[in-house]
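Here the structure comes first, spelled out in structure tokens, and everything after it is commentary.
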Amino acid sequence: MGNAHLHSIHVHPVKAVRGLAPREAVVEPWGLAGDRRWVLIDDGGKVVTQRQQPRLALAAAELQPDGGVRLSAPGMEPLTVPVPRPSGTVPAELFRDKVDAVPAEDEAAHAWCSAYLGIGVRLAYMDDPATRRPVDPEYARPGETVSFADGFPLLLTTTASLAALNALIAQGDHAEEGPLPMNRFRPSVVVAGTDAWAEDNWSRLAIGEVSFRVAKTCGRCVVTTTDQGTGERGREPLYSLGRHRRLGGKLVFGQNLVPLSGGTIRVGDPVRILEQIRPEVRARGGNRPGRPGVGLV
């Protein structure tokens, strides 16, 4: 673990669309600055992700200095959408949570997103992540909140565990689908220089000078089977995770994090493990299982 370091950082300004890979990012209590503050909502008020619309993998959002986004997608003219002024909110249903969000002011933003997906959707913004959405109380400490990530502020994965998973895929029934890139898992931070699956045992860690606690192992969903470059779906990695990485009815890869402090993290920062999971907890699979398919999509 002496060589563990931050390999990459990933920010997804609009939930479910292609992300950015900055060299550094500010860590806020609810996640990386600018991450998943925007979301698409269908006519029924439900949040739209790649679970329902794999074509979102081909769309991109570039973060603007004011927190707005510049949208682009195949066959569409780019569109810049500013942060909406404080006004009325609309409910956005994400799993069991109902979150108030502020719709984009320009109807062109809703029309652009609807035209690309072929369904009626609205683009909305989380104006106050400090109050809008608490972390799942089963795993949260008082006052912890999260953006429009599935459940937790950050998701950590490691290059060693991906290599190990790809080795399992290569030995399995769908070897032709591998090796898979890390973007299948849409993490916030990727750590290199560890043993495979070492993160299963972490309870508290520091990236540079910013500390985090591990809330729970991440159960994976169908989004991981979506090729982020084509929008097409396959069987992996869920097939191999189901054979080798099953925990409490979930197929697991990665760890969900909650910040314990703020600051800026940078690619190359050392990663220090401050606390390991107790042996009796590890024997039960690390962290208590939560609802399946919850990560950061």
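Below, all heavy atoms of this structure are taken into account, side chains as well, without hydrogens, waters or symmetry copies. Just so you know, these numbers come straight off a predicted model, no measurement behind them.
Partners of Q53 under the side chain to side chain donor-acceptor pair (under 3.5 Å) rule, at least two apart in sequence or in another chain, do not exist in this structure.
Sorted by first and then second residue, the salt bridge (charged side-chain N to carboxylate O under 4.0 Å, His left out) pairs with a member in residues 252-268 read E24-R266; sequence neighbours excluded. Residue pairs meeting the side chain to side chain donor-acceptor pair (under 3.5 Å) criterion with at least one member in residues 56-74, sequence neighbours excluded, do not occur.
A 4.5 Å side-chain heavy-atom check between V135 and P153 finds at least one atom pair inside the cut-off. Using a 4.5 Å heavy-atom cutoff, the side chains of D106 and V81 are not in contact. With a 4.5 Å cut-off on side-chain heavy atoms, F253 and L162 count as touching. Residues W202 and Q276 are in side-chain contact: their nearest non-hydrogen atoms beyond the backbone lie under 4.5 Å apart.
Environment of CD in E77: sparse, with no more than 12 heavy atoms of neighbouring residues, nucleotides or ligands closer than 6.0 Å. With a 6.0 Å radius and a threshold of 12 heavy atoms from other residues, nucleotides or ligands, E105 has its CD atom above the threshold.
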Problem set entry | From CA spacing to verdict: side-chain contact (heavy atoms from CB on, under 4.5 Å), R233, V222 | CA-CA 8 Å; R233 285 190 172 146; V222 69; 3.9 Å; yes
Problem set entry | Worked check of side-chain contact (heavy atoms from CB on, under 4.5 Å) between I41 and V121 | CA-CA 5 Å; I41 308 168; V121 293; over 6 Å; no
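A cation-pi arrangement is absent between R220 and F185 under the rule of less than 6.0 angstrom and at most 45 degrees off the ring axis.
Atom CG of residue L6 and atom CD1 of residue I265 lie 5.5 Å apart, to the nearest 0.5 angstrom.
Ion pairing between D150 and R186 fails under the 4.0 Å rule for side-chain N and carboxylate O. The pair D97-R132 does not meet the salt-bridge criterion, since no charged nitrogen lies less than 4.0 angstrom from a carboxylate oxygen.
Panel note: side chain R184, backbone T226; a donor-acceptor pair is recorded below 3.5 Å. Of the possible donor and acceptor atoms, none in the side chain of H5 sits under 3.5 Å from a partner among the backbone N and O of D269. With hydrogens and angles disregarded, a donor-acceptor distance shorter than 3.5 Å links the side chain of E177 to the backbone of E236. With R18 contributing its side chain and L58 its backbone, the two residues share a donor-acceptor pair below 3.5 Å.
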